[in-house]
Number of protein chains: 2
Amino acid sequence: MSSNRPTISDIARAAGVSPSTVSRALNNHPTIPETTREQIRLLARQMNYRVDTRARNFRLQRSQTVATLFPFQGASRRQISDPFYLEMLGAITDELDKRGYDSLIARVPAESTDWCERYILDKRVDGILMIDRALDDAGIRALNALDARFVIWCGPVEGAACATVACDSRVTGRDAVLHLAAQGRHKIGFIGGFQRMVETDLRRQGYLQGMHEAGLPVNSDLMLFTDFSAEAAAHAVPLLLKREPKLDAIFACSDFMAIACMQVLQGMGRAVPGDISVMGHDDIALASQTSPRLTTIRQPIQQGGRLMVQSLFEQFEGAPPRQIVLPHELIVRESA
Amino acid sequence: MSSNRPTISDIARAAGVSPSTVSRALNNHPTIPETTREQIRLLARQMNYRVDTRARNFRLQRSQTVATLFPFQGASRRQISDPFYLEMLGAITDELDKRGYDSLIARVPAESTDWCERYILDKRVDGILMIDRALDDAGIRALNALDARFVIWCGPVEGAACATVACDSRVTGRDAVLHLAAQGRHKIGFIGGFQRMVETDLRRQGYLQGMHEAGLPVNSDLMLFTDFSAEAAAHAVPLLLKREPKLDAIFACSDFMAIACMQVLQGMGRAVPGDISVMGHDDIALASQTSPRLTTIRQPIQQGGRLMVQSLFEQFEGAPPRQIVLPHELIVRESA
DNA sequence: GAATCCTATGCAATCGATTGCGTAAGTATA
DNA sequence: TATACTTACGCAATCGATTGCATAGGATTC
């Protein structure tokens, strides 16, 4: 039974002292002499005592927990299965664990904001890490009004008081297109996520800017927005080809989608990069193992995860929110 | 400031009643007349009141939280990036959320058991979901001794009092090999995860059994154990071919690894399945988009995640732990 | 030996919500 | 009118750990 778990009073009784003394001994308070401390610690170990985190956190008015939130698009409650997220999540939880914090995760609807109340006002967590900014300026102001600590995985947000970490998606999108254009590609397709996800939209803006800089005409037939999944990307390819038969390059907003695109193209008998170049985004582990190997834009995923945690803790200590732009890198392999 | 958040006493004062009444009204206690309840609810909403989950959970001696633990091999603290896990995690968190529970996640070392104390004894969580059984019989007994509620993602464990959910990996491994053998393949390689991960070892046993049933000779040169990553699988392929040049099939323990294998083989100029068949395991979303499309064993991932949660809640309600074997399905596509 | 100062420890309040028990009204019954 | 019964609500304890303040008793100083 878990009901017979010893409390601090049980230890106190067994040691013949008061609960205060036990608490202080266990927390290495200097007013308790070392010998007493050692005795109490020993006894606690023997009796298999462990602090009740719930009681402690309640008393200390903290949660010692950080939530990592994954926004999803309302209509499609589809599973996020992009390895990118898992890799980042791993980095985040490890970093939080290192600081003794627990990691809460949840998928939240991108269009509502009531989850912030749920996590902050309910005092379930001390801070929030949000993967991809599915939050408009009003949403950010609302979070700030709650005096919430949070960090968003997204490019810099002008004039907003919020901490961000990510590469500048406008620039990565532009660089991708310029690379394709430099290879002599003209009909460059774009496959992105839904527009409510800000990052994907910034990449679209970068794409437009890149096309402009390269002196290439743009029309909306070249752009397609789907959810962030391999299947969706696979379905998008024939559609894009039907709209624009002379398509000679595709820039996909994630490696996962890009890999699916390559496979579908090959299945249709189109050579990559011979007939069509394909570029991805993120540089996940699998990207270097495909055939042809995927040309992509690398985001330092794990470093990004760690920085988000760091940035959050800076705020815990009273520092103002920082906007961190990560360096990205064009990884030229074989697919483009 | 978050310090001016109203507590239940503030609401009580404003309403001119006692905290008890507010609590009961908010919890729809029948002894409070409907009109009073409505007034108090209204007032609470106006004052922006929300229960402090920490205080409530502490008082109620529960955590309203479930931990999902991902064991990792000691040496390689590598990131888990297999999409399989993320898809399952999504299903789990959604199902927990539906029941009003929070989702805690952590990566834990497979070889130690002190994390169970950390989560159960510290009363951080009400139950544990463990992805892949990195836990021997003693570990299971230890958890039971703590009166912990937990569910393990693994095949049935004989004679152990623990809840499990998964396909029977011995059978899936066997079925995979028999399919390859039925196609006339004789030199069938096996690429698995480290052996401490029980599931991968069971698949190895299934592989051996399948080879035996098919009357094929086995030698250890055909088997390779790596971590569960695309890179590792990619490195494994040339090694396997060097050991056994006549290799005509590979069974990889995950689709992610299988896809990497296919890509590497194609990069080496070997036709799949012409020269070498490749089989995966899991049927992740990407599997149907590759070229050639991947033949694999489907595990019902999302159903599995939901069932783990269900099984855990049955235990919360006093039911004994159940061992659930999920149906698997051979998905024959093009790669084998 | 008295005054002073430490040192080690205990007392009791506190964090916010919940709930068993008690009771003052109000209502129904005899 | 007295008694019994309801209804609606408050009192106070409780969950387990932490911590400001108080203090007993020993050590130190003059």
Side-chain angles (χ1 to χ4, degrees), chain A residues 1-41 43-44 47-65 100 120-126, chain B residues 1-41 43-44 47-65 100 120-126:
Chain A
M1 298 292 274
S2 56
S3 54
N4 56 15
R5 287 234 355 256
T7 71
I8 206 166
S9 310
D10 296 325
I11 309 298
R13 209 168 310 125
V17 296
S18 76
S20 340
T21 304
V22 176
S23 173
R24 281 190 264 251
L26 260 24
N27 288 304
N28 275 314
H29 213 275
T31 66
I32 309 290
E34 182 54 37
T35 49
T36 315
R37 260 188 271 176
E38 191 44 56
Q39 280 171 22
I40 292 179
R41 242 175 301 177
L43 191 62
M47 294 178 66
N48 227 334
Y49 170 80
R50 309 209 98 220
V51 287
D52 182 324
T53 11
R54 274 183 324 221
R56 166 186 275 168
N57 285 339
F58 170 52
R59 168 67 231 240
L60 264 25
Q61 290 291 293
R62 68 181 184 197
S63 301
Q64 201 78 334
T65 302
I120 295 293
L121 288 182
D122 284 2
K123 300 208 173 157
R124 299 150 110 89
V125 301
D126 299 325
Chain B
M1 298 289 274
S2 54
S3 54
N4 55 16
R5 287 239 347 264
T7 71
I8 206 167
S9 310
D10 296 325
I11 308 298
R13 210 168 308 123
V17 296
S18 76
S20 340
T21 304
V22 176
S23 172
R24 282 190 263 251
L26 262 23
N27 288 304
N28 276 314
H29 212 276
T31 67
I32 308 291
E34 182 54 37
T35 50
T36 316
R37 261 188 271 176
E38 192 43 57
Q39 280 172 21
I40 292 179
R41 243 174 301 176
L43 191 62
M47 295 177 66
N48 227 335
Y49 170 79
R50 308 210 99 219
V51 288
D52 182 325
T53 10
R54 276 183 322 226
R56 165 186 276 167
N57 285 339
F58 170 51
R59 169 64 232 244
L60 264 25
Q61 291 291 292
R62 68 180 185 197
S63 302
Q64 201 79 330
T65 302
I120 295 293
L121 288 183
D122 284 2
K123 299 207 174 160
R124 298 148 111 91
V125 300
D126 299 324

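Chain naming here is simple, since letters A, B, ... match the order of the sequence lines and numbering starts at 1 in each.
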Calculate, to the nearest 0.5 Å, the distance between atoms [atom1] and [atom2] belonging to [X] and [Y] respectively.
X	Y	atom1	atom2	result
A:Q64	B:R124	CD	CZ	8.0 Å
B:R54	A:L60	CZ	CG	9.5 Å
A:L26	A:I32	CG	CD1	10.5 Å

Exercise for the section: Test for a donor-acceptor pair under 3.5 Å between the base of C:dT9 and the side chain of A:S18, counting only N and O atoms. Expected result: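 No, no donor-acceptor pair under 3.5 Å.
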Exercise for the section: Please state whether the base of D:dC9 and the side chain of B:T36 form at least one donor-acceptor pair under 3.5 Å? Expected result: no
Between [X] and [N], is there a side-chain N or O to OP1/OP2 distance below 4.0 Å?
X	N	answer
B:T21	D:dG10	yes
B:S20	C:dT19	no
A:R59	D:dT19	no

Once you round it to whole Å, what is the distance between [atom2] of [N] and [atom1] of [X]?
X	N	atom1	atom2	value
A:I32	D:dT18	CD1	P	13 Å
B:N28	C:dT18	CG	P	12 Å
B:R50	C:dA17	CZ	P	12 Å
B:N57	D:dG16	CG	C1'	14 Å
A:H29	D:dT19	NE2	P	7 Å
B:I40	D:dG10	CD1	P	8 Å
A:Y49	D:dG16	OH	P	10 Å
A:L26	D:dT18	CG	C1'	12 Å

Handout entry: Donor-acceptor under 3.5 Å (A:T65 side chain, A:S63 main chain)
Key =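 At least one qualifying donor-acceptor pair exists.
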Exercise for the section: Would you check if the side chain of A:R24 reaches a backbone N or O of A:H29 as a donor-acceptor pair within less than 3.5 Å? Expected result: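 Flag not set: sc A:R24 to bb A:H29 has no pair under 3.5 Å.
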Handout entry: Nearest-nucleotide 5' precedence on DNA chain C, B:R24 against B:A55
Key = B:A55
Handout entry: B:G16 or B:L60, whichever maps to the more 5' nucleotide of DNA chain D
Key =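 This one resolves to B:G16.
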Practice task
Hey, which sits more toward the 5' end of DNA chain D by its nearest nucleotide, B:V17 or B:Q61?
Solution key: B:V17
Exercise for the section: Could you check whether B:T7 gets within reach of a base, just the sugar-phosphate, or nothing at all, counting any heavy atom under 4.0 Å? Expected result: sugar-phosphate
